[in-house]
Participant: 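Encoded as structure tokens, here's the structure I'll be asking about.
Heads up: numbering here begins at 1 and tracks the sequence. Every heavy atom of this structure was used, including side-chain atoms; hydrogens, water molecules and symmetry mates were not. Each ligand, and each atom within it, is numbered from 1 in the order the structure gives.
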Amino acid sequence: MVDEAEATPERDSMEYDVVIVGAGPAGLAAAIRLKQLAAEAGSEISVAVLEKGSEVGAHILSGAVIDPVGLSALFPDWKAMGAPLETSVTEDKFIFLGHAGSIDISWLPMPGFMKNHGNYIASLGNLCRWLAEQAESLGVELYPGMAASELVYGEAGEVRGVVAGVFGVAKDGHRKADYQPGVELIGRYVFLGEGVRGSLSKQAIAKYALDAECDVQKYGIGIKELWQVPDAVFKPGYVQHTLGWPLDDKTGGGSWMYHFGENYVSLGFVVHLNYANPFLSPFDEFQRFKHHPEVSRFLEGGRRISYGARAIAEGGAQSVPKLSFPGGVLVGDSAGFVNVPRIKGSHNAIRSGILAADAAFAALAEGRGGDTLQAYDDAYAVSAIKKELWLVRNAKPLLTRLGTFLGTIAAGIDMTLTNLTGGFSLLGTLHHTKTDAASIGLAKDYAPIVYPKPDGVLSFDKLSSVFISNTNHDEDQPAHLKLRDPSIPIAVNLPKYGEPARLYCPAGVYEVVQDEGAHDPRFVINAQNCVHCKTCDIKDPSQNIVWTTPEGGGGPNYPNM
Ligand SMILES: Cc1cc2nc3c(=O)[nH]c(=O)nc-3n(C[C@H](O)[C@H](O)[C@H](O)COP(=O)(O)OP(=O)(O)OC[C@H]3O[C@@H](n4cnc5c(N)ncnc54)[C@H](O)[C@@H]3O)c2cc1C
Ligand code: SF4
């Protein structure tokens with residue numbers, strides 16, 4: 001906290017028609033659409049986009065096989081314009097892994113939308129960089145390196161804007177020589193496009209009870225490595241998904257492998273965060289997974305060039321909250337528009353940005369501002385996003401209830417029938433009943449897992465991995481990972497759950513250290529290593545860790561994830 005004795009100086013204020021938090025596909029699509037609509041109407045609109053990464057794309061991590069429907073709605077001629085979707089999918093495999101062997105299950109009954117032909121493999125970070133160029137050329141003001149750290153409320157309780165760009169507060173709370181109080185960016189509407197588990201979105205959802213009528217949101221953690229491999233093992237356009245080993249049947253998750261661009265292999269592993277075993281380490285599961293022959297053969301002679309992690313929204317249709325609130329809206333993953341069985345959300349993020357922009361533009365044209373954009377909720381209710389999520393709504397609950405093997409078969413059948421009937425399922429709508437934090441089991445009921453040591457060729461440790469994520473935070477700033485109660489990690493989480501933060505954090509941020517001669521161990525937070533995946537905010541069993549924005553520009557610097 002800033003020293004109480006130092007009164008908060010006046011903040012400069014900048015006014016816009018629309019302020020957008022987050023330069024992901026959702027926020028950028030919204031900004032572009034607003035400018036396109038203004039150009040069509042021959043009117044002016046001012047739009048600002050804030051991005052906490054040092055540049056657009058620096059914090060974007062995705063698979064990514066991209067369904068171009070979203071991009072086509074924004075720029076029908078995106079190919080001619082040079083959008084970086086260059087590798088089309090040529091082969092699509094779905095494999096069930098055992099410890100040593102594997103079964104190709106690509107033949108399982110699945111509706112057509114589960115196939116990847118017609119989609120493109122790309123770096124979503126690079127697509128966002130390209131979208132940012134388009135946005136700027138249309139007159140959008142883009143502010144990378146600016147973390148939106150607070151919501152600004154108006155007198156009627158509406159969101160009026162955000163505070164961004166607070167810099168120069170030291171670790172102990174005093175103001176350093178370069179202190180800057182930040183700027184208030186005031187908008188007639190504020191769009192929250194922070195991606196999954198947005199820190200301001202979480203506050204807006206709580207304040208306006210946006211989730212009062214939906215299920216709890218569910219999440220996974222996705223850990224990704226980018227490899228560059230020799231021609232001998234590179235298959236441009238090849239897509240491979242796996243289920244099974246090394247996870248047991250009760251632990252949901254699976255892998256992806258996409259071959260694209262200049263001999264790049266995007267390799268990643270998702271673990272559903274409703275896992276129960278507190279000793280499970282998603283990072284180490286991923287490392288050992290790479291030793292399976294179905295994976296290692298594609299990495300032979302290759303070089304790992306980047307690493308990162310990000311949570312993914314998995315709740316689907318039944319977890320989508322109310323989208324509009326006084327003065328603002330949620331777009332993209334902040335609202336949870338990922339189609340989990342397809343592992344795709346970027347097209348829906350773009351679509352939702354477009355829908356929100358349409359609603360805001362119409363309202364602004366009527367001279368409105370600061371009210372609730374109900375038209376956006378109404379548009380979502382009849383949208384292609386809702387329709388798509390509705391057809392797959394039982395997939396994730398079936399996996400949770402039946403386990404990976406039977407759950408996948410049941411989900412395949414349910415999605416196929418639901419697709420044929422245009423949305424009717426014999427199962428109705430299965431609900432998510434428990435948060436991921438509440439799903440963790442007690443340490444006394446599980447044996448610790450002994451993971452193999454990394455070999456430095458296929459598998460690596462956390463610290464060398466974080467190193468190639470180019471993560472950096474100024475160390476002399478208040479920790480952006482806040483504990484509601486600092487005693488809980490050692491007094492509650494350690495005895496009850498073995499303090500699982502040590503294991504679920506993919507960046508080695510949390511440690512339990514026993515100093516020589518000390519009675520109790522200490523909980524250490526290496527906040528400078530944080531890759532902003534948000535898993536701790538989601539999975540901490542005591543819900544004691546709160547992820548907040550560090551100074552803008554801090555965090556990973558992903559080149560092309
Ligand atoms: C592991 C993984 C694999 C995936 N694979 C695929 C795939 O193959 N295909 C596909 O289509 N989709 C995939 N997805 C989903 C897809 O990545 C998301 O649906 C999409 O990125 C959502 O876009 P968004 O704009 O809502 O959020 P994001 O892409 O997360 O962008 C949000 C942006 O907002 C910024 N931000 C957040 N908070 C603040 C703040 N307070 N102030 C300033 N800036 C802020 C972030 O830094 C970020 O740049 C995957 C997701 C994951 C995690
Ligand atoms: S500290 Fe939290 S948000 Fe940061 S990398 Fe670890 S789990 Fe992810």
Participant: For T471 and F467, indicate whether the former's side chain and the latter's backbone hold a donor-acceptor pair under 3.5 Å.
Facilitator: no
Participant: Mind checking whether V21 contacts ligand 1 via backbone (N, CA, C, O), side chain (CB onward), both or neither, at a 4.0 Å heavy-atom cut-off?
Facilitator: side chain
Participant: So which heavy atom in the protein is nearest atom 2 (Fe) of ligand 2, and how far is it from that ligand atom?
Facilitator: C536 SG, 2.3 Å
Participant: Are the side chain of Q318 and the backbone of R393 linked by a donor-acceptor contact shorter than 3.5 Å?
Facilitator: yes
Participant: Look only at interatomic distance and state if P25 has a nitrogen or oxygen under 3.5 Å from any nitrogen or oxygen of ligand 1.
Facilitator: yes
Participant: Please say whether H347 places an N or O atom under 3.5 Å from an N or O atom belonging to ligand 1.
Facilitator: no
Participant: Under 30°, 30 to 60°, or over 60°: which ring-plane class applies to Y510 and Y504, parallel, tilted or perpendicular?
Facilitator: perpendicular
Participant: Relative to atom 8 (Fe) of ligand 2, which among C505, P506, C533 owns the nearest non-hydrogen atom?
Facilitator: C533
Participant: Would you check the N or O atoms of R310, main chain and side chain alike, for any that come under 3.5 Å of an N or O of ligand 1?
Facilitator: yes
Participant: Pairs of nitrogen or oxygen atoms closer than 3.5 Å, one from S346 and one from ligand 1: do any exist?
Facilitator: yes
Participant: Number the atoms of ligand 1 from 1 as they appear, then name those within less than 4.0 Å of a heavy atom of M146, with their elements.
Facilitator: 43 (C)
Participant: Is there a polar contact between ligand 1 and K534, counting only N or O atoms under 3.5 Å apart?
Facilitator: no
Participant: Please check whether I66 reaches ligand 1 - meaning an N/O of the residue sits under 3.5 Å from an N/O of the ligand, judged on distance alone.
Facilitator: no
Participant: Tell me whether V270 reaches ligand 1 (any heavy atom closer than 4.0 angstrom to a ligand atom).
Facilitator: no
Participant: Within less than 4.0 angstrom of ligand 1, does G193 place any heavy atom?
Facilitator: yes
Participant: Do K387's NZ or CZ and the ring of W390 fall within the cation-pi criteria of under 6.0 Å and 45°?
Facilitator: no
Participant: Whether the side chain of N526 engages the backbone of N529 through a donor-acceptor N/O pair (distance < 3.5 Å, no angle test) should be reported.
Facilitator: no
Participant: Using a 4.0 Å cut-off to any heavy atom of G332, which atoms of ligand 1 qualify?
Facilitator: 26 (O)
Participant: Please check if the side chain of N348 supplies one atom and the backbone of V338 the other of a donor-acceptor pair under 3.5 Å.
Facilitator: no
Participant: Counting heavy atoms only, name the option from C530, A507, P556 that's nearest to atom 4 (Fe) of ligand 2.
Facilitator: C530
Participant: Quick check on contacts: which atoms of ligand 2 are under 4.0 angstrom from a heavy atom of K534?
Facilitator: 3 (S), 8 (Fe)
Participant: Think K115 forms a cation-pi with F94, using NZ or CZ under 6.0 Å from the six-ring centre and within 45 degrees of its axis?
Facilitator: no
Participant: To the nearest 0.1 Å, how far is atom 49 (O) of ligand 1 from its closest protein heavy atom, and which atom is that?
Facilitator: E51 OE1, 2.6 Å
Participant: Just jot down the ligand 2 atoms closer than 4.0 angstrom to any heavy atom of W547, in number order.
Facilitator: 3 (S)
Participant: With heavy-atom distances below 4.0 Å as the criterion, list the atoms of ligand 2 near V509.
Facilitator: 1 (S), 6 (Fe)
Participant: Look only at the side chain of R502 and the backbone of V512, and say whether a donor-acceptor pair between them is shorter than 3.5 Å.
Facilitator: no
Participant: Nearest non-hydrogen atom to atom 22 (C) of ligand 1 belongs to which of L330, D333, L127?
Facilitator: D333
Participant: Any idea which protein heavy atom is nearest atom 7 (C) of ligand 1, and the distance to it?
Facilitator: I343 O, 3.0 Å
Participant: Among W256, Y307, F289, find the residue that satisfies the ring-ring contact (aromatic ring centres under 6.0 Å, His included) test when tested with F269.
Facilitator: F289
Participant: Inspect the contact between R129 and E55 and indicate whether a charged nitrogen and a carboxylate oxygen are less than 4.0 angstrom apart.
Facilitator: yes
Participant: Just by modelled atom types, is the N544 backbone N or O under 3.5 Å from a matching donor or acceptor in the D540 side chain?
Facilitator: yes
Participant: Which atoms of ligand 1 sit under 4.0 Å from any heavy atom of V65?
Facilitator: 7 (C), 8 (O), 9 (N), 10 (C), 11 (O)
Participant: When you measure from the side chain of T242 to the backbone N and O of I95, does any donor-acceptor pair fall under 3.5 Å?
Facilitator: no
Participant: Would S334 and E194 count as a side chain to side chain donor-acceptor pair (under 3.5 Å) if you check the C-alpha gap in whole Å, the side-chain angles of each, and the deciding distance to 0.1 Å?
Facilitator: CA-CA 6 Å; S334 290; E194 300 175 285; 4.7 Å; no
Participant: Nearest to atom 25 (O) of ligand 1, what protein heavy atom do you find, and at what distance?
Facilitator: A26 N, 2.9 Å
Participant: Give the atom numbers and elements of ligand 2 that come within less than 4.0 Å of a heavy atom of V531.
Facilitator: 4 (Fe), 5 (S)
Participant: Determine whether any heavy atom of K224 lies closer than 4.0 Å to an atom of ligand 1.
Facilitator: no
Participant: Is the Lys NZ or Arg CZ of R304 less than 6.0 Å from the centre of F460's six-membered ring, within 45° of the axis?
Facilitator: yes
Participant: I need the single residue from K218, K534, R197 that forms a salt bridge (Lys or Arg N to Asp or Glu O under 4.0 Å) with D436. Which is it?
Facilitator: K218
Participant: Can you name the atoms of ligand 1, numbered from 1 with element, that are less than 4.0 Å from a heavy atom of L124?
Facilitator: 17 (O), 21 (O)
Participant: Between K322 and D211, is the closest basic N to carboxylate O distance under 4.0 Å?
Facilitator: no
Participant: For L50, counting its heavy atoms only, list the atoms of ligand 1 lying under 4.0 Å from any of them.
Facilitator: 43 (C), 44 (N)
Participant: Answer yes or no: is there a donor N or O on one side and an acceptor on the other, between the side chain of E51 and the main chain of Y143, under 3.5 Å?
Facilitator: no
Participant: Report the part of I60 in contact with ligand 1, treating N, CA, C, O as backbone and CB onward as side chain, heavy atoms under 4.0 Å; options are side chain, backbone, both, neither.
Facilitator: side chain
Participant: Could K290 and F286 be counted as a cation-pi pair, given that NZ or CZ must be under 6.0 Å from the ring centre and within 45° of the axis?
Facilitator: yes
Participant: Return yes when Y510 approaches ligand 2 closer than 4.0 angstrom through a heavy atom, no otherwise.
Facilitator: yes
Participant: When you check the gap from the basic side-chain N to the acidic O, do E388 and R351 get nearer than 4.0 Å?
Facilitator: yes
Participant: Please check: side-chain N/O of S72 versus main-chain N/O of V69, any donor-acceptor pairing under 3.5 Å?
Facilitator: no
Participant: Look at atom 37 (C) of ligand 1 and say which protein heavy atom is nearest, naming residue and atom and giving the distance to 0.1 Å.
Facilitator: E194 O, 3.2 Å
Participant: Under 4.0 Å from a heavy atom of A311: give me the atoms of ligand 1 that qualify, with their elements.
Facilitator: 53 (C)
Participant: Does A148 reach ligand 1 with a nitrogen or oxygen that is under 3.5 Å from one of the ligand's nitrogen or oxygen atoms?
Facilitator: yes
Participant: Does ligand 1 come near enough to G63 that some N or O of the ligand is less than 3.5 Å from an N or O of the residue?
Facilitator: yes
Participant: What protein heavy atom sits nearest atom 12 (N) of ligand 1, and how far off is it?
Facilitator: G345 N, 2.9 Å
Participant: Shortest non-hydrogen contact from P321 to L330?
Facilitator: CG-CD1, 3.8 Å
Participant: Which of the atoms of ligand 1 are close to A349, meaning less than 4.0 Å from one of its heavy atoms?
Facilitator: 22 (C), 23 (O)
Participant: Got the closest protein heavy atom to atom 28 (P) of ligand 1, with its distance?
Facilitator: G195 CA, 3.9 Å
Participant: Looking only at protein heavy atoms, which one is nearest to atom 31 (O) of ligand 1, and what is the separation?
Facilitator: G24 CA, 3.3 Å
Participant: Considering only heavy atoms, does L481 approach ligand 2 within less than 4.0 Å through its side chain, its backbone, both, or neither?
Facilitator: side chain
Participant: Identify, for atom 43 (C) of ligand 1, the protein heavy atom at the shortest distance, and state residue, atom and that distance.
Facilitator: K52 N, 3.2 Å
Participant: Considering only heavy atoms of G222, which atoms of ligand 1 have at least one such atom less than 4.0 Å away?
Facilitator: 1 (C)
Participant: Does Q287 use its side chain to pair, donor to acceptor, with the backbone of Y451 at less than 3.5 Å?
Facilitator: no
Participant: So is W256 polar-close to ligand 1, meaning N/O to N/O under 3.5 Å?
Facilitator: no
